[in-house]
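To keep things clear, I will list the structure first and then write my remarks on it.
Letters go in sequence order (proteins before strands), and every chain restarts at 1.
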Amino acid sequence: MLRRREKKRYLTILHSQPRAVEELQKRHAELFGQISAKKAGIKEMWSDQQVTVVRCSLESTDSVLASAALCYPPMCVLDVSGTIKRLRRRLPAKVNTAASPR
Amino acid sequence: MAIDRVAAADSVGQNVIHRLEKPPVTPVDYQYLLVSRNIRDAQHVDVLTISDFRQVKDRLKKEVKSGVGIEMTVAAARKMDATDVGSWILQIRELYKFCRLSRCQFILSSGADSPYSMVSGPCFDALLKVCGIDPQNYWPDLEGWLESRLARRVTTC
């Protein structure tokens, strides 16, 4: 029998507050329930002052994205990828685009 | 799919659609839509922004003509607690149904006032799915509506 690892998704989040991942976990649990929050397995992978990379399960990606859109203080999901390597490669372009003056 | 640059200082007018509360007096070199929060203006605006659909449903039935965009913003839902977000999602569903029946265009927008409160494409799709709206129908409908509305405007570009 094959033992497949559960697929993950990595999200780049632009935020203005230091505890963005805790806020996202809390909001996800509020909106979708504790069981769903545990299944989503939202975990901080890497963090900067304004940008954080978080990991979640593939099945819960939509609920995590919806929770991020409904978080306060606000946060913005810049990118979604299946590998952290690809996400990091695209990170400078995404952050510069989002932060550039309009 | 992610947030991409849609406009820069040198291309304003080509890709940005401005939201105006009053129509410009002379022809302008940018694209715009007339926006209002007041239902009394529903006859002569492109987009009507509402915050509580249930409160204004009866007035919308009487005063909104077909083709108008009815908008709700995600920014309003960010500050709500979970119970109110649940109610907000139900209202989005009801508004979408109302728009389909009255031939109006349902618009879900970010209501962003900073880069942090912008909502990216994948998040919009996820929110639409949570609200029971198929993004594959929503975006083409919105695009068609936007093109038809902008085609009516007099611009110099």
Side-chain angles (χ1 to χ4, degrees), chain A residues 9-17 20 23-24 26-34 36-37 40 49-52 56 58-82 86-87 89-102, chain B residues 1-19 30 72-92 108-136:
Chain A
R9 283 292 176 266
Y10 298 88
L11 320 177
T12 308
I13 295 174
L14 180 74
H15 56 84
S16 57
Q17 46 149 358
E23 279 298 324
L24 180 60
K26 192 178 145 198
R27 193 59 158 164
H28 190 275
E30 276 177 10
L31 296 176
F32 297 95
Q34 293 289 347
S36 176
Q49 278 187 331
Q50 287 191 317
V51 177
T52 298
C56 69
L58 174 63
E59 286 75 23
S60 309
T61 310
D62 277 344
S63 62
V64 174
L65 287 169
S67 304
L70 295 170
C71 265
Y72 190 81
M75 58 183 73
C76 177
V77 178
L78 297 179
D79 200 3
V80 182
S81 177
R86 193 180 302 166
L87 201 71
R89 203 184 301 154
R90 295 199 297 232
L91 187 63
K94 297 288 176 187
V95 174
N96 289 339
T97 303
S100 64
R102 307 263 154 179
Chain B
M1 194 174 172
I3 291 174
D4 285 312
R5 181 179 295 228
V6 291
D10 57 344
S11 64
V12 173
Q14 291 171 12
N15 299 318
V16 171
I17 299 165
H18 294 248
R19 294 164 63 98
Y30 54 83
M72 281 185 81
T73 62
V74 177
R78 284 186 191 270
K79 294 176 187 174
M80 294 175 184
D81 61 21
T83 313
D84 290 340
V85 171
S87 172
W88 180 83
I89 286 169
L90 278 180
Q91 284 191 42
I92 295 273
L108 183 64
S109 81
S110 66
D113 52 11
S114 73
Y116 305 110
S117 52
M118 293 189 300
V119 180
S120 60
C123 287
F124 266 125
D125 285 355
L127 272 176
L128 289 168
K129 282 180 199 166
V130 168
C131 296
I133 301 166
D134 184 3
Q136 290 191 330

Next on the checklist: Between A:E30 and B:D81, does the side chain to side chain contact (heavy atoms under 4.5 Å, CB included) criterion hold? Intermediate values first, please.
Outcome noted: CA-CA 8 Å; A:E30 276 177 10; B:D81 61 21; 5.8 Å; no
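In this structure, chain B has no heavy atom under 4.5 Å from any part of A:R90.
The most heavy-atom pairs under 4.5 Å with chain B, out of A:A66, A:A68, A:S81, come from A:A66.
Residue B:S120 holds its OG atom at 6.5 Å from CG of A:L65, rounded to the nearest 0.5 Å. If you take NZ on B:K129 and OG on A:S63, they are separated by 11.0 Å, rounding to the nearest 0.5 Å. Remark: A:Q50 CD to B:Y116 OH distance equals 3.0 Å, nearest 0.5 Å. Rounding to the nearest 0.5 angstrom, the gap separating the CE atom in B:M118 from the CE atom in A:M75 is 14.0 Å. Atom CG of B:L127 and atom OG of A:S67 lie 9.0 Å apart (nearest 0.5 Å).
Using modelled atom types, no side-chain atom of B:R78 and backbone atom of A:Y72 make a donor-acceptor pair closer than 3.5 Å.
In this structure, the side chains of A:L70 and B:M80 stay at 4.5 Å or more apart for every pair of heavy atoms. The closest side-chain heavy-atom distance from B:V119 to A:C76 is not below 4.5 Å. Contact annotation: the side chain of B:V130 never approaches that of A:L31 to less than 4.5 Å [non-hydrogen atoms, C-beta and beyond].
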